[in-house]
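Structure record follows, encoded as structure tokens.
Nothing fancy with the numbering, it's 1 onward along the sequence.
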Amino acid sequence: MVAFGDGANILAGASDTGKSYLVHCLDYIFGADELSKRIPEAESYSQLLVEFTNSAGKHLTLERSLAGGDLAAHHERLTSIKDGASEKIVPSRSGRSQARDVTAVLFEFAGIGEAVLRKNDRGETQRLTIRTLLPLFLVDEISVIHERSPILGDSGFDVTARRRAFAYLLSGKDDSGIIAAEKKEIVNARRGAQLGLIEDLLTPIEQRLQKKIADGTEDSVEKLDEAIAELIRTQSDHTEERSSLEAHRLEAIAKRQRAESQILAIDQLLTQYELLNERYSSDLKRLDFIAEGSHFFNGLQEVRCPLCDQPMSPDHTHKVTVATKDIYEASKAEASKILGRQTDLAAATESLRNRRKLREEEQTDSSAATREIDSRIANVLIPTMREGAQRLEKLISRRIELEAIRNDQDQVSSLRLAKQAIERASANSKGPAKKWEPLPSKLLLTFCKEVEAVLKEWNWKGEGRVDFDESTYDIVIDGQSRRSHGKGFRAILHSAFVLGLLRYCGKNGRPHLGMVLLDSPLTSYKKGNIGDGNQDGPIDPGMESGFWRSLTSFNTNLQLIVLENKEPPKDVAAAVHYEWFAGENALNGERAGYIPV
């Protein structure tokens, strides 16, 4: 077991003591497909266990078989692991899997949220994983001196994702809002399908147009609209005239009906008047009889009494109390009254007959007006309106046909334009390159200042000005790129890069695991002439001393693990967590290597 604490940790020792094997073990526990290095001393071991502690004081132990397979996550200390209390996790997700993997468990433990990174220029995205961040916190002895960028590491297809991971560490903002462009194969397939569909739509429309336009008519929708509008106005006028005639017809019918009802009433009155006149005549005859035969009253037999008009029985008698002359005078006076009434009745009868004649004339006129209106409607308006309706129907039918032709022509034009646009797009399928947001310059400057502070602590010989080259995704020191230096300088600058990033994230609350492991940052550093390639000279004591001294004041909220062949100064070893692997010449009490003997 090897234990590391907060702040700086130094693990020094001779070659072949297992220091680099420890790096491979961490790579393996962080989700590598296999343990890339084997040593004979580890053959008797079957399990690898790594314990982590976060800033909240919680513990997490990951366990994995050295033979491969999935991992077990124990949310407790290594020494407290109990059987059956672990969570099974996979090294990494594949496809659309949502299984819990090393990334999900470690990011959750370190307080890093799920993030999405752009992985290509089309804007497609992928999940941020611990494997993407690995070059920025786990630096082996090969990577530390390599010319490639500390950000990109030994990358292949995931260059864009690692660049975006660096931007995510700088800003804390991921690429979840990006809308991806479609793949070229999908775009080409869709364009081919669109062209095929357009051809399928164009063919029947063009054939239909040829048949419709073959008649050579010069009608236009505009002319037909004018003719239809004029015909509609004419039909409206005829409709209004018919409505007016119908109203006059109803008035005439009502007038005729009133005349007929009045004639009927007059006829009934005339009948009554005739009966009354007959009664008056009867009364006059009776009065004449009474006046001329009043002296025969006493000789009347069984007849009606001319005086009282009652049946005359044997005991019916009249007592004559007046003289015959009086009776005669009374009869004459009564007859005179009846004659006056009969004269009035005759005048009234004549007035009724005149009124009846007027009503008959009104009846005749109304009937004639009704017949004239009916004739106008039936013989003139209805045929004219029927003919207009038929013509209007033909015009509308023709307009619909012309409108269909125009729509077909517009559709053909639109389809042809769409076809041309698709063909142009296919010819220029490469299209303009998409522009993506550059790295945030202000944050990048802050990061470079942090790297400058690291180099200053290490007694960098020179001004120590650090810039970032976005074309290589690497730093430039005092105007010279990191990769142009010899491997010793590259190791120092690589180490300064990852330490500067760790300190930047710690100060600004950016996502980071909070630890960095450096394998042999000083072993390959030998000072020579800057720019002499790999021709390194003796070790510069000042820079090496600055490196060791900086570890004594390293932030205890972060963790740095340095694996080195060289022993640090004693005061530095006393100030940090330090272990020494003595190798095969180990004395009593000294540890020989990573794998105990």
Is it true that, when you exclude [X] itself, more than 12 heavy atoms of the residues, nucleotides or ligands shown sit nearer than 6.0 Å to its [atom1]?
X	atom1	value
Glu437	CD	no
Glu246	CD	yes
Asp344	CG	yes

Subject >> For Ala99, side chain to side chain contact (heavy atoms under 4.5 Å, CB included) partners two or more places apart >> reply: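 Counting only residues at least two positions away or on another chain, Ala99 forms a side chain to side chain contact (heavy atoms under 4.5 Å, CB included) with Val90, Ser97.
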Subject >> Contacts of Glu260 that satisfy side chain to side chain donor-acceptor pair (under 3.5 Å) - sequence neighbours left out >> reply: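 If we apply the side chain to side chain donor-acceptor pair (under 3.5 Å) test to Glu260, skipping adjacent residues, the hits are Gln363.
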Original post:
Who are the side chain to side chain donor-acceptor pair (under 3.5 Å) partners of Lys419, not counting sequence neighbours?
Top reply: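 So Lys419 forms a side chain to side chain donor-acceptor pair (under 3.5 Å) with Glu199.
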**OP:** Examine Tyr273 together with Tyr280 and report whether their ring centres are nearer than 6.0 Å.
**Re:**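 Not under 6.0 Å, so no.
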Using a strict 4.0 Å threshold on nitrogen-to-oxygen distance, state whether [X] and [Y] make a salt bridge.
X	Y	value
Glu230	Arg233	yes
Glu450	Lys507	yes
Lys119	Asp158	no

Original post:
What residue among His59, Lys58, Glu87 forms side-chain contact (heavy atoms from CB on, under 4.5 Å) with His75?
Top reply: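 Exactly one candidate clears the test, Glu87.
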Who passes salt bridge (Lys or Arg N to Asp or Glu O under 4.0 Å) against [X], sequence neighbours left out?
X	answer
Glu403	Arg399
Glu362	Arg359
Arg406	Glu222

Original post:
According to the interplanar angle, ranging from 0 to 90°, do the rings of Phe166 and Phe468 count as parallel (below 30°), tilted (30 to 60°) or perpendicular (above 60°)?
Top reply: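 Parallel, since the angle between the ring planes stays under 30°.
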Subject >> Closest non-hydrogen atom pair, Pro440 against Ser171 >> reply: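 Smallest heavy-atom distance, with atoms named: CG-CB, 4.4 Å.
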